[in-house]
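As the structure is a computational prediction, the values presented were derived from the model and not from experiment. Convention: sequence-line order gives letters A, B, ...; per-chain numbering from 1.
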Protein chains: 2
Amino acid sequence: MAQPSEPTLADVAREAGVSLTTVSRVLNNRGYLSQATKDKVAAAIQHLGYRPNQVARSLHGKSTQTIGLIVPTVALPFFGELAVEIENALAEHGYRILICNSMGRSDRERDYLDLLVGNRVDGIISGAHNEDLDEYHSIRMPLVTIDRTLSPRIPNVRCENEAGGRMATRRLLDAGARRPALLTSRSHPLNLRERGYRSVLKEAGIEPIVLEVPFHTPAQERPILVAECLDGATEMIDAVFATDDLAAAEVIEWARQRDLEIPRDLRVIGFDGTGTVRRALPGLTTIRQPLDLLARKAVEILMEQIASPRSTKRDGGGDPLADEDEAIALTVEFPVTLIEGWTA
Amino acid sequence: MAQPSEPTLADVAREAGVSLTTVSRVLNNRGYLSQATKDKVAAAIQHLGYRPNQVARSLHGKSTQTIGLIVPTVALPFFGELAVEIENALAEHGYRILICNSMGRSDRERDYLDLLVGNRVDGIISGAHNEDLDEYHSIRMPLVTIDRTLSPRIPNVRCENEAGGRMATRRLLDAGARRPALLTSRSHPLNLRERGYRSVLKEAGIEPIVLEVPFHTPAQERPILVAECLDGATEMIDAVFATDDLAAAEVIEWARQRDLEIPRDLRVIGFDGTGTVRRALPGLTTIRQPLDLLARKAVEILMEQIASPRSTKRDGGGDPLADEDEAIALTVEFPVTLIEGWTA
DNA sequence: TTGAAAGCGCTAACAC
DNA sequence: GTGTTAGCGCTTTCAA
């Protein structure tokens, strides 16, 4: 609700003494214009402080040049940094970003999905962590997920989670750990980092110890839950692979409180390697996800979908074999890197 | 560019066998409708998977129910968390947020300002750190800044920075520090945290030592610059007040590398107290800003401005005295709190 | 209770 | 080169 109401094309046209079309033309630099006209219009625009109403422009052109990003919360460094990378990648294509923080609530995620469709964003990138909403399957617009398989038909970009899990676990064993525990937000057969952890331990003939603290646990309760898990296992472990860096930080704090020296008494390795955690905890050994590559790839896929409005059908039907092929191609994985610190 | 093109009001009307108006009415629940009509229309909407085009709605109603937030980058926990708090506060008023990361570049900030005005957001919250852009003064819509004085006529919300600076410095002295240094992003008479630091030292008759590492220094270079500053002053200091927590973390890492034990050899206190840093570095003594209160207040002020489209003139003129009074009322400050850790 | 019609600000044929 | 005009999808008088 612009207050003394923004000037419109008509105002500019009147001020410059030309027609609407002419103004529109100089704005979009289309068609033939005399230099004199251009100057007149430019002066009027300048004088009125006119800025084209993108809303009206979108209504006509059907393109809002906006994409929606759904994440649990940009308050977490991983998603904050991801959002920035995506914004930068989009900017190169002339797109902007509408960020939606689902806060892990599926009702909010559903609302945001409606909102984005209602606002006719040109596409959606979803990096939320919720149980899968049916709503996604009725989305008729370009859609890409990050680190989340919604359906084999929806393209997905992620890092090599399983390889990362293996890398982390092996790193602990290489350092001499004999009983490395896994601390993760949800133990599950599809938890690929966990799968990597288990596979390395299996090869080594070591029994896995899996500790769980749910992803959406309120920050104040986390240290308590983490301590409970760890206290319960303290005799059996000599290392922890935390599947995210902040959980690793909680392990470190627990060790400090229990007078365990790191890495002598306990080795710790994290996962993510965000810039923020690396600033806050430069000594943390961790597995870094290539956020920039994930973001660029997700945007690239989205841009392809936008450019080629092919049927975007995700509703069964079609050649099952072709679908299968497509499904494989639709998941893109990027390698992770080990970042050495002194905690492992 | 919704691909098989989203259904429109007209589609629903046709499907339901009623007029556009009727559909619009049931959508907005306005006027008298027979239950039968309501049901018919509801069925059609359901069947088509219709979602109102908010773009068109905005074009007419002049309200986009969106506000723009400009911050340096949500990749920093302070701004990430601020963005989430603002989003939550806005949601209670039925508003959404368009997040713009200026990345500290004034050209980007300028572009975003144009974008927001062009998109007819209903208001803007600016928490960017750039040198002040003239563009802000030509903004004709509700505008609130966070921790940034743009002009005495633009409302500003912030924490009690100077009191916070005093609190931090006094805490160091109370712990026994005799030569506390300040580490800040920009030393300046208007740097209120610095001012607080200086005032306490003055009372105590201690000479200030101010170290500077610019805000927008790339992450990789920061540890080097911090180390340079600190190495140069190492003989003269026994404590550091870092004006943000991540800088404090860098001080801690430097101390570790130099084999200085904290807090015995060096006391460290930070500023901000974001949730992320408290998770990563729970032992850090710091000054917490009440992000939730800042966010709520900024949104509240914005909502008031939106509700009362008073002249919103910021272009000189008017009674200077009244302006003066207003200017005072327009800055709202919230108290900070000391968070005890073991680093000081 | 319901419908027809006039815009909201802008773009894009299609004239002149 | 420049203007006229018909929409984009929706809301909202004003009639019926």
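At a cut-off of 3.5 Å, with distance as the only test, no side-chain donor of A:Arg108 or A:Ser102 sits close to an acceptor on the other residue.
Between the OH atom of A:Tyr32 and the C1' atom of D:dG3 there is a distance of 17 Å, given to the nearest Å. The CG-C1' distance, from A:Leu48 to C:dG9, rounds to 15 Å in whole Å. Between the CG atom of B:Leu59 and the P atom of D:dG7 there is a distance of 17 Å, rounded to whole Å. Following rounding to the nearest Å, A:Asn53 (CG) and D:dG9 (P) show an atom-to-atom distance of 17 Å.
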**Q.** Footprint string (nucleotides 11-16 of chain C, 5' to 3'): B base within contact, S backbone only, - free, heavy atoms under 4.0 Å
**A.** BBBB--
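Distances shown here put a side-chain N or O of A:Ser34 below 4.0 Å from the OP1 or OP2 atom of D:dT2. The shortest distance between the side-chain N/O atoms of B:Ser19 and the OP1/OP2 oxygens of C:dG3 is below 4.0 Å.
Between B:Asp11 and B:Arg14 there is a salt bridge, since at least one side-chain N of the basic residue sits less than 4.0 Å from a carboxylate O of the acidic one.
When distances run from any side-chain atom of B:Thr37 to the nucleotides C:dC10, C:dC8, C:dT2, the shortest one goes to C:dT2.
Between the side chain of A:Asp147 and the backbone N or O of A:Arg158 there is no donor-acceptor pair closer than 3.5 Å.
Closest heavy-atom contact between A:Phe78 and A:Leu291: CE1-CD2, 3.6 Å.
Around the NE2 atom of B:His47, the shell of radius 6.0 Å holds no more than 12 heavy atoms that belong to other residues, nucleotides or ligands.
Among the atoms of the strands shown, none is found under 4.0 Å from any heavy atom of B:Val55.
Summary of the strand contacts: A:Lys38 and B:Gln54 both lie near DNA chain D, and taking for each the nucleotide with the nearest heavy atom, the more 5' one is attributed to A:Lys38.
Of the listed residues (A:Ile301, A:Leu294, A:Val299), just one forms a side chain to side chain contact (heavy atoms under 4.5 Å, CB included) with A:Lys297, and that residue is A:Ile301.
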